[in-house]
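Only this structure's heavy atoms are used, side chains among them; waters, hydrogens and symmetry mates stay out.
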Amino acid sequence: MNVIVVCCLSFFVLPEMPWWFVAILASMAGLTSKGFFTSIINGFLCGSIPWVAILLYRYYSGAELLVHRVSGIIGMDGIYGTLLATTFIGGAIGAMGALCSYTFKIAFKDQLIRE
């Protein structure tokens, strides 16, 4: 459920923010994760799904020339190479952000004040 909420928030926020802001949004999924592996998976999904959706939206709304030029710069011709690179880069950044916030939560779990 938290992946859906973070992805919906990302759809509205990411087009206006810098590229690294995906790590901050994915850290919200890491804070609510129950385990180490789930935080990595949630972060990967929260990073890659919005970036791929925004790429496809931009591609089909008239920016296909820009997408083809950027894919030529990274050495992967066509939309499939760009989709692969976008999925990997967005997912890796999201996974690192979520893992960082999860380990932060675990490190300071015993210092929370419970009354």
Using residues 82-95 as the side-chain source, report each donor-acceptor pair under 3.5 Å to any protein atom, sequence neighbours left out, with the distance given to one decimal.
{"residue": "Thr82", "atom": "OG1", "partner": "Gly78", "partner atom": "O", "Å": "3.0"}
{"residue": "Thr86", "atom": "OG1", "partner": "Thr82", "partner atom": "O", "Å": "2.7"}
{"residue": "Thr87", "atom": "OG1", "partner": "Leu83", "partner atom": "O", "Å": "2.7"}

| task | Identify whether Trp20 and Met96 are in the same connected component of the hydrophobic contact network (ILVMFWY, side-chain heavy atoms under 4.5 Å). | result | no
| When hydrophobic residues are tied together by side-chain contacts of less than 4.5 Å, even through go-betweens, does Phe37 share a cluster with Phe44? | no
| Mind checking what makes side chain to side chain contact (heavy atoms under 4.5 Å, CB included) contact with Tyr60, not counting sequence neighbours? | Leu56
Let me have the donor-acceptor pairs involving side chains of residues 4-17, under 3.5 Å, with sequence neighbours excluded, atom names and distances please.
{"residue": "Ser10", "atom": "OG", "partner": "Val6", "partner atom": "O", "Å": "2.8"}

| said: Can you give me the closest heavy-atom contact between Trp51 and Trp19, atom names plus distance? | reply: CZ2-O, 3.4 Å
| said: Holding to ring-ring contact (aromatic ring centres under 6.0 Å, His included), I want the full list of residues that pass it with Phe104, two or more places apart in sequence or in another chain. | reply: Phe108
| request: Quick one: name the residues clustered hydrophobically with Phe36, using the 4.5 Å side-chain heavy-atom rule over I, L, V, M, F, W, Y, and just say none if it's on its own. | output: Ile40, Leu99, Tyr102, Ile106
Side-chain donor/acceptor pairs under 3.5 Å, residues 26-35, sequence neighbours excluded:
{"residue": "Ser27", "atom": "OG", "partner": "Ile24", "partner atom": "O", "Å": "2.5"}
{"residue": "Thr32", "atom": "OG1", "partner": "Asn2", "partner atom": "ND2", "Å": "2.4"}
{"residue": "Thr32", "atom": "OG1", "partner": "Met28", "partner atom": "O", "Å": "3.4"}
{"residue": "Thr32", "atom": "OG1", "partner": "Ala29", "partner atom": "O", "Å": "3.2"}
{"residue": "Ser33", "atom": "OG", "partner": "Ala29", "partner atom": "O", "Å": "2.7"}
{"residue": "Ser33", "atom": "OG", "partner": "Asn42", "partner atom": "ND2", "Å": "3.2"}

